[in-house]
Every structure is written in C-alpha cells, then in structure tokens.
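Both ligands and their constituent atoms are indexed starting at 1 by order of listing. Quantities reported herein were computed from a predicted structural model and do not represent experimental measurements.
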Amino acid sequence: MENLVKLAREGRLEQGLGLTFGTHRPNPVERVAYDIEELVRDYRVGRRADGSPYRFLIKTYGCQMNEHDTEVMAGLLLAMGYEQSDSDEFADFILFNTCAVRENAEAKVFGEIGRLRPLKAKNPELLLGLCGCMAQEQGVQKMVLEKFPWVDVVFGTHNIHRLPAILTAAKQSQETVMEVWEKAAETVEDIPKVRKDSVRAWVNIQYGCNKFCTYCIVPYTRGRERSREPEDVIKEVRELVAAGYKEITLLGQNVNDYGVDLGTITFAQLLRAVNDIEGIDRIRFTTSNPWNFTDDLIAAIAECEHVVEHIHLPVQSGNNEILRRMNRTHTREYYLQLVNKIRKAIPNVSLTTDIIVGFPGETEAAFQDTLSLVREVQFDNAFTFIYSPRENTPAAKFADEVTLEEKKDRLRRLNDVQYQISLARNQALKGRVVEVLVEGESKTNREVLTGRTRTNHLVLFPGDISLKGQHVDVEITHPQTFLLKGQCVYREEVVS
Ligand code: SAM
Ligand code: SF4
C-alpha cells in the first residue's frame, strides 16, 4: 500500500480510483434502535412552578453535521416535554453545540458561557450545557471543571442519545454532570428529530473520519468512520420524501468512503438507490474527499437525474510538499486529473473547495502553487481558512515560521483571486434562465424569495411565498460575487 500511495503522490499512478487507502478498520459499532417510549416514560420534564413549560435553546457552531445533531437534540428535548425558546432570557436550558476545528470558535463559546452566567441569578432553574466536538477534548473538560463550574452538563458526540438521562441527572446535581464517551459504541437509529427547514433535510450516512489529516481534530472528536446501514438511510429518505421534503443532503466527513466499513455497498451504489426512491426531487451530498473518488462514483453522479451537479471537493493546498505534510493522500496532479475527469463527465458541474493557508512550512512559492491551482480549476466558491493549531494533532508540533501578518495577507490574496473567479463565473450566467428550488423569503426583504440552483448558486428574485418548495425558472439579471439576482420567467429552455 505504501508504494501505491507514494506513486499516487508523485503523480505516477494511473489514477487507481477505486483503490481504497488502508486506514479502514472493521466496524465494531453495533446498530441499536432508540426507545422513544422509554424516553417519554422516564424523562418527562414536567412544568415550571407557574405551570408554564420548560424551554430550551440550542446554540450551534460549525458544520452541517453539528446543525443536524442540533435537530436530533431538539427532537429529544421536545419529546421530554420542553418547548423551544428563541431568547436566552426565557430559556431554562441553554446548550452550546460546539465546533473544535479552529481555535476562534472555541474562544467564542467560552466568551458566551461567561456572558450568560448572570442569567442563573435571575432564573435559578437555568441549566447550561456544552456538547459537540469541544466536549470531546480533555483540555476543554478540564477547563470547564476548573474555570467554568457553572456549566451544568457536558456530553460528547458519541452519546447524544443520552441527553435526556444526563439532563435529568444534572437537574438533581449541584455539580457539573460530565459524560463523554471516548468512542462510539453504537449507531443509534430512530431518534426523534425536529427539522429546521421544511424544504431541505439532512440525512447522516456516515459518522467519524479515518483520514487523520495532520491539522485536523475531527478524527479525535468524531471517532472512526462508521457507515449507517443502507436500509436505515433509505427508510429515512423515503419518510422525508413522503413528508414533502424536496432536497435531501447526504452527510458525512468523507461521503465517498461510505460503505467501506460495511463491505456490502459503495457510495455510488447508495446514490443510485436513493435516486430510485419514488418521488425524490434533489439529492446533494457533502463532504467528498478527492481520495477514493471513483470513476464509478463520477458515473453515478452523471447518470442519476436527481443527484445535483455540485461537488464540494476540499483540496486544502496546491503544493505537493504541503499536501504530503498535511497527510492529504492526494497530489496536485491527482486532484487536477480528477477535476478534468469530473468536468468531462458532468459538463455543467459546479466545484467548490476548502483551502488552508499558512500551514506550517508553507513558503511563498508553495502558496503561489495554491493560487495557480485555484486559477486553473476555476472553483465556483472556496471556503478559506488560516491554519489554526489544534492540540494533540501532529501538525501542532510542526515548526511554524510564517508570521500571522503574512498568513492574513495570504488569505486576503487568495480571497481576491477566488472572488474574481466567482464573480466572472456568475457573470457568465447573466441573461440565462436557471432552475431554482424556492427555499423561502429573504431575511431582509419579505417580497424577495431565495432559492438555489442545482449547482448550489444562491438566487434572489421577487415572488410570492406560495412558491416555497417549488421549482421556478429565473432569468439572471444581476449576478454578484456570492449570489445571483433575477426575475421569475416562464420559458422552456433552462440551464443548471
Ligand atoms: N472532511 C472534510 C474534508 O476533508 O474535506 C472537511 C471537514 S473540516 C470540519 C472542514 C474544513 O475545515 C477542512 O476542509 C479544512 O479546510 C478546515 N480545517 C480543518 N482543520 C483546520 C485547522 N486546524 N485550521 C484551519 N482550518 C482547518
Ligand atoms: Fe479532517 Fe481530513 Fe477527516 Fe476532513 S478528511 S475531517 S480534514 S481529518
């Protein structure tokens, strides 16, 4: 395996797409069903002294995976008898669902926890909780116990389903109740969920990550890759379609590794199976990894009519030495070949990416390789970050000689290049008619509707809210860098 990886890194391997990098372990995780009746029987929350319901508020940080975990936890709390609150002041349980990917997100959470402390004097029943990726870090657990003892509940990413039991224990305890599991023992099915949106829904297909990129904390906070059984995924999607959802996003850290641990199905096969569900409208997926993005998968995306033409394909850097030090398992050449293959098979595809600047050892020349890759690929959009050292990850120990000022300057220069590309690509759509799935009203103007093309471009146009959940044809009149403005039209020929 070592030799194959070396060949691929050096661009000498005729892309063995279909090869699987050897970090996978057999899946020891057990599938269990959640007992909702037990939840309602054992953990009902009752009423406040004045007869009003207890209320909760979940503050979510980070990725779509966290957003979706919040939907699961909201479902559990509603089943316990809590109601949702949208203000800190009226909530009896405030839960921080946190992200640990970059340091500034962590600092924000601790700032907020400090800010909310005085609310406990006003409402003695108020409980504060911390969960998500930060809770998995031992440093954070220690910090809570030593510096933020007014946090009542801490639990991790592997025992979300235990929230009712943990919260009930915290109500009866004077001290912080902390229950963080080191790894996932179970894949828990049938947990109630409260979906935030009525048009779009997320469906987990896989948990965790085995890739161990040297900068990234996710394999430590989310554990090893575990795929859900295909029957469970299909059942959930069927139910969502029956409930009227129009767009399903299949979620995982490396969706194209879906099924590697199961050994019975590939991601390409799962996409085809979801595509065949009667009544399904749009299917999205995120995040893909360039490694193991097989020809079979490209064919499935091209051939499945409901699978949209958008691939988020994080590259991280355009320089081979930096990619090697990041343990990304792809090279610049491999990535560019993959992009060519994808563009050939799916001509109108939209590609987006993630890029880190200022990784330890990144020279100006290495950074220029990233700029040239960005110019070559012509991404529709890129999420760009300054490298943030994360405790206990290998890269945190790498010597880092680039100053913060230089890193900020690289980020600015990278964004300048990408913004120009995004604008130019959007301007090419001027006068074209695109198919938009209407998501709802604009937050700032109720007469304007927002929606997305299959290629994930955000479109704003005047219209009536009765169009929510429908497909409309919109002529693009004012393309901008991050969105497209237009007018609803009725024409036969549409693009994207
Ligand atoms: N699994 C996805 C993948 O490999 O592409 C991405 C998951 S990660 C939560 C989202 C993005 O955060 C990464 O693609 C990377 O660009 C960025 N990221 C992760 N760790 C980082 C770090 N230590 N500093 C800066 N950015 C980081
Ligand atoms: Fe992090 Fe790499 Fe896994 Fe993505 S693939 S979650 S960047 S370790």
Side-chain angles (χ1 to χ4, degrees), residues 20-21 23-24 60-69 97-107 132-134 136-137 157 204-226 249-258 260-261 267 285-293 311-319 322-330 335 338 351-362 370 373-374 379 381-398 400 402 404 407-408 410-411 414-415 418:
T20 303
F21 189 43
T23 51
H24 299 287
T60 313
Y61 299 77
C63 63
Q64 290 166 332
M65 206 80 71
N66 270 14
E67 296 271 358
H68 186 45
D69 284 349
N97 184 10
T98 61
C99 169
V101 168
R102 282 168 293 276
E103 201 177 359
N104 52 2
E106 294 199 1
C133 288
M134 271 173 75
Q136 291 293 139
E137 292 179 82
T157 55
N204 279 125
I205 61 168
Q206 169 207 57
Y207 306 98
C209 178
N210 284 1
K211 290 285 177 283
F212 290 96
C213 299
T214 53
Y215 51 82
C216 186
I217 202 166
V218 170
Y220 310 93
T221 61
R222 292 268 171 187
R224 290 291 162 89
E225 273 172 21
R226 287 104 57 206
T249 302
L250 306 176
L251 282 182
Q253 289 296 352
N254 289 299
V255 285
N256 41 320
D257 272 359
Y258 172 80
V260 169
D261 51 343
F267 182 53
F285 55 90
T286 198
T287 298
S288 318
N289 193 297
W291 189 263
N292 199 22
F293 204 102
I311 303 173
H312 185 64
L313 199 60
V315 67
Q316 313 299 359
S317 167
N319 176 271
I322 295 296
L323 287 169
R324 190 187 64 76
R325 287 158 58 83
M326 287 177 162
N327 192 30
R328 276 301 281 183
T329 63
H330 62 262
Y335 188 90
L338 179 60
L351 292 174
T352 56
T353 199
D354 292 346
I355 295 171
I356 296 176
V357 299
F359 186 75
E362 187 190 64
T370 298
L373 180 133
V374 166
F379 295 108
N381 197 0
F383 298 90
T384 55
F385 311 101
I386 290 179
Y387 167 68
S388 169
R390 304 289 42 227
E391 209 182 338
N392 296 328
T393 57
K397 297 188 193 79
F398 294 174
D400 185 3
V402 185
L404 181 60
K407 289 177 184 175
K408 284 185 180 166
R410 286 182 194 168
L411 184 69
L414 172 61
N415 285 340
Q418 181 54 49

Contacts of E137 that satisfy salt bridge (Lys or Arg N to Asp or Glu O under 4.0 Å) - sequence neighbours left out: none

For Y215, take its heavy atoms, then give the atoms of ligand 2 lying under 4.0 Å from any of them. 7 (S)

Counting heavy atoms only, which of D354, V357, T287 is nearest atom 11 (C) of ligand 1? D354

Closest to atom 12 (O) of ligand 1 (heavy atoms only, candidates M326, R328, R102, H312) is R102

Taking only residues two or more places apart in sequence or in another chain, which ones pass side chain to side chain donor-acceptor pair (under 3.5 Å) with R410? E362, E406

Can you list everything that forms a side chain to side chain contact (heavy atoms under 4.5 Å, CB included) with T157? Sequence neighbours excluded, please. C133, Q136, R222

Between L313, N66, V218, V101, which one has a non-hydrogen atom sitting closest to atom 19 (C) of ligand 1? V101

Whether R102 engages the ring of F385 as a cation-pi pair (distance to the six-membered ring centre under 6.0 angstrom, angle to the ring normal within 45°) should be assessed. yes

Using a strict 4.0 Å cut-off to heavy atoms of P314, name the atoms of ligand 1 that fall inside it. 3 (C), 5 (O)

Could you label the plane-to-plane angle of the H312 and F383 rings as parallel, tilted or perpendicular, counting under 30° as parallel and over 60° as perpendicular? perpendicular

Have a look at Q64, Q253, Q316 and point out the one with the heavy atom closest to atom 7 (C) of ligand 1. Q253

Could you check whether any heavy atom of E103 sits closer than 4.0 Å to an atom of ligand 1, since that is the contact criterion I want to use? no

Numbered in order shown, the ligand 2 atoms found under 4.0 Å of a heavy atom of R328 are 2 (Fe), 5 (S), 7 (S)

Count of protein N, O or S atoms below 2.8 Å from atom 3 (Fe) of ligand 2 equals 1

